[in-house]
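Quick note on labels: first sequence line is chain A, next is B, and so on, each numbered from 1.
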Amino acid sequence: MSARADMRVPARIFADDEILDEIADDLSLEQLQNVATLPGVVGAAIAMPDIHQGYGFPVGGVAATELPDGVVSPGGVGYDINCGVRLLALPLLESELGDRREALVHEISRSVPAGAGKRGVLHLRGTSLDDVLRDGPRALPNVRAEDIERTESEGRLEGADPSAVSERAHVRGRDQLGTMGSGNHFVEVQAVEEVLDAGAADAYGLREGQVTMLIHSGSRGLGHQVCTDYVRLMDGRLASYRIHLPDRQLACAPASSPEGRQYLGAMAAAANFAWANRQAIADGVRRAIAVVLGQDVAERTHQVYDVAHNVAKVEEHGGMRVCVHRKGATRAFPAGSEEIPEAYRDVGQPVFIPGSMGTASFVLAGEPGSMERSFGTTCHGAGRRLSRTAARKRIHGNELRRELEARGIVVRCPSPKGLAEEAPFAYKDVDRVVRVVEQAGLARRVARLVPLGVVKG
Amino acid sequence: MYRFVEHTAELEVELEAESAEGVLEEALRAFGELTGPARGEPVEEPIDLEATDLPALLAAWLDQLVFLADTEGLVPESADISVSGTRATGVVRGRRGKPRPLVKAVTLHRLRFGRRDGAWRGRVVLDV
């Protein structure tokens, strides 16, 4: 793609011809060029193959800014701070689950509140919201040490500052811990259809036929409010930092400035809230497993890992301290990195790529190419292809539910409209997206998971 | 008048009215269509918003509606509001219910609000 005079670094996209065709007519590439204008950006503005048009940053975008004075941009993280995915592995095979599948999906829909705004299951019993903002899942009662260890950054970003989180964000977060949220958030019951890397699958505790649970959620209204607050704040201070932007939504401030430091503290707090949220959801899933499959199965359900795909992190790359913005992109550190749990250090960091509802999801492992080419990053999902209305025009929610159930996938979703909007054809082909990142050496495929049932928000 | 223009993953709203206040009221109606109707008790909330410029005021207005829907279950139906410079004051009226949580946030992407070609016009992109 041709360079623009205001770009400080090149724009680089990992894609194949079909993916490039799909985004040719929208603003994805222009948005990527806009990211390349940010003060302090280094290397390249990067897009993953699940790129689609967003606002400000494209979704599937990665940008690293040099510290201390490169900028941090709240829009480069997105509204759903630390939206991410957590994978649980059950100690049983699909064949052993048998006809209890529907009961299990139903019980999960009862134990994990789905829709936004419903009361959280925990009500922060004995724990203050600020404890959660500071410490993430560690602040919750009875959390297993193994769950913490098998979470990106051990579920706690340093520098979290609850006082930088506004009263409004506190109000929005208070009752939402342990709720899934709406839109594309879900809990999916899956089976490992195929193991593609036996060594890594073994390290992750996965084998063919095994039942898994994939949890996709984020920081709920609290994260949305933090992003809103700081986009507004930084938008109002651009002139004082002499920053000129092609799009107001890219509002940013030097990471070392008071606004930059405050945002990083608030964002870390929201990220910790999101990890605690997925922890509380996982607790709900384990309770459902205990009811339907027995306490013993619930206790032997282990967490494979939990990854963030909307976050900014301070990392070292190429001898430089940088702030890596990942918006719809996942950290994918290779084998040997001290940032990943010891049990996985020989095979690389696990990454989970949810496909669209009713297709497949992938477990990947980070590869050395990610450190060379994408600031230790890979893709995050299939990537949206059709708008919500376009999806609804093609299928009614009830018809989609029948189609999925005819294929043996149990569906629980409060709204037929919401279901239709998440139809599989509304997303890119996940196999294609994953093939691109594998060919680029960013991550390799470890296992392909297929859905048995889904509870949607 | 309001009109939705849908993008891949977000929703753009185009607004037109005879006054600045009218544009904010149209934005409220568009938002109300997205949250769906409510039949709960009537509610009235005071509004006092100040922004750095007019477009930011439109975003702040919708931010407020998102916040009230998320925390109070308020589905807005009408507003009595006046705009002076970049400040908006007045009340928003609606009913309590279970607003569809479609709108996550209000972005500054492609944001516009001002008088152009003989009418007041606004444009805002919502994260849905």
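Of the listed residues Arg384(A), Arg388(A), Gln53(A), the one with more heavy-atom pairs under 4.5 angstrom with chain B than any other is Arg388(A). Counting heavy-atom pairs closer than 4.5 Å to chain A, the top residue among Val125(B), Asp127(B), Thr52(B), Thr71(B) is Asp127(B).
For Thr107(B), the parts lying under 4.5 angstrom from a heavy atom of chain A are both the backbone and the side chain. At a 4.5 Å heavy-atom cutoff, the contact between Asp235(A) and chain B is made by side-chain atoms alone. For chain B, the nearby part of Arg385(A) is the backbone; its heavy atoms alone come within less than 4.5 Å. Residue contact with chain B, scored on non-hydrogen atoms closer than 4.5 Å, is absent for Ala391(A). When heavy atoms are compared at a cutoff of 4.5 Å, Thr228(A) approaches chain B solely by way of its side chain, counted from C-beta outward.
A heavy-atom distance below 4.5 Å is found between the side chains of Leu245(A) and Cys252(A). At a threshold of 4.5 Å between non-hydrogen side-chain atoms, the residues Arg220(A) and Asp80(A) do not count as touching. With contacts defined as side-chain heavy-atom distances shorter than 4.5 Å, the pair Arg100(B)/Leu34(B) does not qualify.
With sequence neighbours excluded, the residues satisfying side-chain hydrogen bond (donor to acceptor under 3.5 Å, both in side chains) with Tyr79(A) are Gln249(A).
Checking each of Arg172(A), Arg232(A), Arg168(A) against Asp63(B) for a salt bridge (charged side-chain N to carboxylate O under 4.0 Å, His left out) leaves exactly one that passes, namely Arg232(A).
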Working note: His7(B) + His52(A), criterion ring-ring contact (aromatic ring centres under 6.0 Å, His included); need CA distance, chi angles, decisive distance, verdict. CA-CA 10 Å; His7(B) 301 179; His52(A) 62 78; over 10 Å; no
